[in-house]
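Indexing begins at 1, ligand by ligand and atom by atom, following the structure's order.
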Amino acid sequence: MKKLLSGVKPTGRLHIGNYFGAIKQFVDLQNEYECNFMVADYHSLNFIQDKKEMQELIRDTVISYLAVGLDPEKAVIFKQSDIQAHTELAWIFDTITTMPYLMRAHAYKDAEAKGNEVSVGTFNYPMLMAADILLYDPDVVPVGQDQKQHVEYARDTAEKFNRIYGEAFKLPEALILDDVAVVPGTDGRKMSKSYGNTIPLFATREEIEKAVMSIVTDSTGDRPEYVYNIHKLFRSPAELENLYEEHKGKYKALKEALIEDVDTFIAPLRARRAEIESQGDKVTEVLAQGKEKAKTIAEAKMEKVREFVGVTL
Ligand code: AMP
């Protein structure tokens, strides 16, 4: 069986951009691949510096994974901070990586462009992500377009390590679906927690109404493109063609139709989430099980890496 690894940073509520861009592929592929799904909590430390909030976000991410249908009996669901090899390998990668190379990373350039002081953690983010990936020898890493460069960093780093020390790492491929590579938000830009333009994946009916009604209605043509671009996540182009023809120019009616479609899609997810939340401490159980499995894989790889670099005598 081929292998797959991916993850989500627990930095806020998941939105439909995360779902269609990445998480849906996790669910679709869990029967075909040997899967490792990570809660990337150490990456979140670059954004969240509050203990309680961090704990809640980690919990929320695991419950979300389960609610969308990830199965801890089929896939390894684990927390990055539970596996020390991630930070250890990131350090080894730091020693073979140059500053100019990391300065080309989009995440670093964006943070710098905002005029903020950039933390070493943000600067170094691609090396921790390279370690996250390469410890598990995945063939594919399903992600949205915004993570493509980071998977390339992981590949480059694997190549560099292999060249210096010998063949330790497999080169992974990013798995990006063209149609949903960049899911747009309510303002037409990429849907993102940091832009405040999201439709949460487990939104209540009221939240869906509020988000959809706030979609910016660009009146450049007959069709409100920002409404349409979100709508096409839920219906086929043929279905939408009839609907948009029938309601040409009636933006309110089209938004109401979108509210119904989003709610129909989200309602079972909300119900599943409520069911999981009522089942006691499922999160601790899932993470304890995942920790054992992930640790076995990552430690075996890390032991080889230590031998390759010559620190085991
Ligand atoms: P993150 O919050 O960065 O951990 O994102 C989790 C996954 O969702 C990553 O694979 C991202 O590439 C993906 N993602 C986030 N926002 C979007 C979006 N607007 N469209 C498509 N994929 C996205």
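- Using a 4.0 Å cut-off between a side-chain N of Lys or Arg and a carboxylate O of Asp or Glu, E260 and R205 qualify as a salt bridge.
- Ion pairing between D261 and K232 fails under the 4.0 Å rule for side-chain N and carboxylate O.
- Using a cutoff of 4.0 Å between basic side-chain nitrogens and carboxylate oxygens, R223 and E245 are not scored as salt-bridged.
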Practice problem: Report the C-alpha distance between L287 and V62 in whole Å, list the side-chain angles of each, state the deciding distance to 0.1 Å, and finish with yes or no for side-chain contact (heavy atoms from CB on, under 4.5 Å). | Solution: CA-CA 8 Å; L287 288 180; V62 176; 3.8 Å; yes
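- Ring to ring, F78 and F37 are not that close: their centroids are 6.0 angstrom or more apart.
- Ring-plane geometry between F234 and F265 is classed as perpendicular, the angle between the planes exceeding 60 degrees on a 0 to 90 degree scale with a lower cut at 30.
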Pairs under 3.5 Å, nitrogen or oxygen of ligand 1 with protein nitrogen or oxygen:
residue: ligand 1; atom: 2 (O); partner: K193; partner atom: NZ; Å: 3.2
residue: ligand 1; atom: 3 (O); partner: K9; partner atom: NZ; Å: 2.9
residue: ligand 1; atom: 4 (O); partner: K9; partner atom: N; Å: 2.8
residue: ligand 1; atom: 5 (O); partner: N18; partner atom: ND2; Å: 3.4
residue: ligand 1; atom: 8 (O); partner: N18; partner atom: ND2; Å: 3.2
residue: ligand 1; atom: 10 (O); partner: G144; partner atom: N; Å: 3.2
residue: ligand 1; atom: 12 (O); partner: G144; partner atom: N; Å: 2.9
residue: ligand 1; atom: 12 (O); partner: D146; partner atom: OD1; Å: 2.3
residue: ligand 1; atom: 19 (N); partner: V183; partner atom: O; Å: 3.0
residue: ligand 1; atom: 19 (N); partner: M191; partner atom: N; Å: 3.4
residue: ligand 1; atom: 19 (N); partner: M191; partner atom: O; Å: 2.9
residue: ligand 1; atom: 20 (N); partner: V183; partner atom: N; Å: 2.8
residue: ligand 1; atom: 22 (N); partner: G17; partner atom: O; Å: 3.4

